[in-house]
Amino acid sequence: MATTYVDQISGSGSPPVPVDPVTGAGETVAYKAPCRLATTGNITLSGLQTVDGETTVANDRVLVKAQTDETHNGIWIAQAGSWFRARDFDQNRDITKGTRVTVIEGSTLAGKEYQITTSNPIALGTDDITFAETLSSNAGSSAAAAEAARDDAVVAKDAAVSAAGTATSAAGAASSSAGNAATSESNASSSAGTATAAAGTATAAAGAASTSAGNAATSETNAANSAIAAAASAASIGFTKDSDGTMAANSNAVVPSQAAVVTFVAAAVAGLRNGVSSAFDTLAEIATELGLKAPLNSPALTGNPTAPTQTAGNNTTRIATTAFVTTAINAVLNGVSSAFDTLAEIATELGLKAPLNSPALTGTPTAPTASGGTNTTQIATTAFVLANGGGSAATTSAAGIVELATNAEVATGTDTGRVPSVASIGAHQGMAKAWVAFNGEGTVAIQDSYNVSSITDNGTGLYTVNFDNAMANANYAVAGTSEAVSGGGRRWMNVRNAGRATGSVAISATTANTAEADAPGVFVIIYGD
């Protein structure tokens, strides 16, 4: 009988695709890909564990058939984490009453076959799913019994043939004995001296012949009975010969179910092919085709693989096609100018922008002009400055434009419309160009100074004041004094003869009688250019 199946892809009509040995993808509902193990009691559907005496490994197919909650029964894929239902047992269309699956390994269930006994229709995850062992599970022991019965029949047949041969031989022996008896009797009549002995011999021979004939008849009966029993035994197990009485390689004889003959094999192969295309009707062709298929786990696709384009905004693990990506990018761009539709263009443009915090603007930056009288942190433009008195000269009573005087103007004091800067104020004639206060006793030490770098001690009461910045010429004025000595001794500060130079001035401290003497404090001021 041809196998009834439901195709996983189209629903019905065409043969199923090859079966994935792990997931069972493409299986029919009639027969599932075998499971490595089957459960014998309730288990937790997670983690690698012992099932029927064997330890599961990742991706094992396990027939779970003894759960306390029978809605969880079915074919599961073992994992280190949570198990998941096999691809050929995760939809309502995958199962129906009578669906079968074989168990390969296990301490108690190896070689067993089970079928679904739940009535149709079956809602996966809602209806209880029950499994029962099929009659074919006992095929091994039944086949062994049939094989033994066949062997017994053959032995019985051979015994019958042997018994028949024995009976024939016995009959021949009896006939020969009878002939010998007749000859003996004839010889007895021709020899009177031996007549009595011959008669006795004939009598004995006749008795022996009669006994042999009886034995032959019994043997023939037994042989016939054995042959009948052997034929009945052979017939009971379906054992017959071809019409030509042989058991040739191409035999069409009916034999026990374990022995596959030509017609049985041809029918089985035809049922397995089930009308499949000639391009896939051998294992070699299927293996070649499988080599061109991608694995479910991390496939490395080639060529130009395609997939359905998901709706915009889909945020799942589904494959994104180029059309999906382009739609998503266009949604982000939202019609932006082509000058800014790439990150590189945006980055370049950002490099031309000023930061909000302390921007260092270049070129000719502009800003809105504040209204007159505004006194806030708003940027003042040139227009604002000119509109608020910035275009006129400053006076003692009104703000205006202020200009800086040059050093020469500061020195002469001729331009009252300009003001000196901090740098040029020292050029004013009324300002000291250098000054110093130092201790002239013992080790000379500067107490404070302006434009003086150091004091050189030239001996008792003799000093040289060195300038930081040289004077323009030596025609400067020197003013100074000395501090009185403890006890009332006064000191005078003098500029030594030819002691003025652009970079320094030589001075001395003297007593009332003009003798040089160290002073506890010496104070020098320089005026000039």
Side-chain angles (χ1 to χ4, degrees), residues 3-12 15-106 109-110 112-134 290 293-299 308 316-319:
T3 300
T4 301
Y5 63 87
V6 175
D7 187 87
Q8 296 275 357
I9 306 302
S10 61
S12 63
V17 298
V19 179
D20 186 297
V22 174
T23 66
E27 259 298 315
T28 66
V29 296
Y31 281 95
K32 299 298 183 183
C35 290
R36 181 192 168 206
L37 300 166
T39 61
T40 58
N42 190 73
I43 67 169
T44 300
L45 296 173
S46 66
L48 301 180
Q49 55 191 284
T50 300
V51 174
D52 193 19
E54 300 288 341
T55 301
T56 57
V57 297
N59 295 326
D60 271 349
R61 285 171 62 87
V62 179
L63 175 60
V64 177
K65 62 178 183 60
Q67 293 300 96
T68 302
D69 182 354
E70 293 186 333
T71 63
H72 292 166
N73 286 341
I75 299 175
W76 292 78
I77 304 301
Q79 296 289 301
S82 296
W83 292 18
F84 58 88
R85 288 188 185 272
R87 278 281 301 278
D88 60 337
F89 212 104
D90 64 355
Q91 300 288 333
N92 292 345
R93 66 183 185 183
D94 294 328
I95 53 177
T96 188
K97 182 177 181 179
T99 297
R100 299 188 178 194
V101 60
T102 301
V103 181
I104 301 174
E105 299 178 21
L109 304 182
K112 299 287 187 180
E113 182 183 83
Y114 293 89
Q115 66 179 355
I116 296 176
T117 59
T118 302
S119 298
N120 294 327
I122 304 172
L124 190 65
T126 301
D127 294 338
D128 289 346
I129 301 177
T130 57
F131 287 87
E133 184 178 348
T134 65
L290 283 174
K293 302 300 182 182
L296 287 175
N297 184 17
S298 303
T316 66
T317 57
R318 295 181 180 181
I319 293 175

Show, in sequence, the C-alpha distance, side-chain angles and deciding distance for Trp76 and Ile43, and conclude whether the side-chain contact (heavy atoms from CB on, under 4.5 Å) test is met. CA-CA 12 Å; Trp76 292 78; Ile43 67 169; over 6 Å; no
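For Ile129 against Asn73, the heavy-atom pair with the smallest separation is O-ND2, 2.8 Å. Nearest heavy-atom pair across Asn42 and Thr68 is OD1-N, 2.8 Å. For Asp88 against Ile75, the heavy-atom pair with the smallest separation is OD2-CD1, 4.4 Å. Between Thr56 and Ala78, the shortest heavy-atom distance links the atoms CB-CB, 4.2 Å. Thr118 and Lys97 get closest at one heavy-atom pair: O-CB, 3.1 Å. In terms of heavy-atom proximity, Asp90 sits nearest to Arg85 at CB-CB, 4.0 Å.
Side chain to side chain, Glu113 and Thr134 meet the donor-acceptor criterion of an N or O pair below 3.5 Å.
In terms of modelled atom types and a separation under 3.5 Å, the side chain of Arg61 and the main chain of Ala86 share no donor-acceptor contact. The backbone N or O of Thr44 sits less than 3.5 Å from a side-chain atom of Gln49, completing a donor-acceptor pair. Between the side chain of Asp60 and the main chain of Val62, no donor-acceptor pair closer than 3.5 Å is present. Using a distance-only test at 3.5 Å, with no hydrogens or angles considered, no donor-acceptor pair links the side chain of Ser82 to the main chain of Ser46. With Gln79 contributing its side chain and Gly47 its backbone, the two residues share no donor-acceptor pair below 3.5 Å. With hydrogens and angles ignored, the 3.5 Å screen pairs a side-chain donor or acceptor of Asn92 with a backbone N or O of Leu124.
The stretch residues 120-129 participates, sequence neighbours left out, in these side chain to side chain donor-acceptor pair (under 3.5 Å) pairs: Thr96-Asn120.
Side-chain contact check for Val64 versus His72: every heavy-atom pair is 4.5 Å or farther apart. Contact check for Val51 versus Arg36: no side-chain heavy atoms found under the 4.5 Å cut-off.
Between Leu63 atom CG and Thr102 atom OG1 the span is 10.0 Å, to the nearest 0.5 Å. If you take CG on Asp52 and NZ on Lys112, they are separated by 10.5 Å, rounding to the nearest 0.5 Å. Summarising the geometry, atom SG belonging to Cys35 is positioned 9.0 Å from atom CZ belonging to Phe89; distances are rounded to the nearest 0.5 Å. Expressed to the nearest 0.5 Å, how far OG1 of Thr39 lies from CZ of Phe131 amounts to 9.0 Å.
Taking the side-chain hydrogen bond (donor to acceptor under 3.5 Å, both in side chains) definition, one finds that Thr117 meets it with Thr130, sequence neighbours left out.
More than 12 heavy-atom neighbours from other residues, nucleotides or ligands sit within 6.0 angstrom of CD1 on Ile104.
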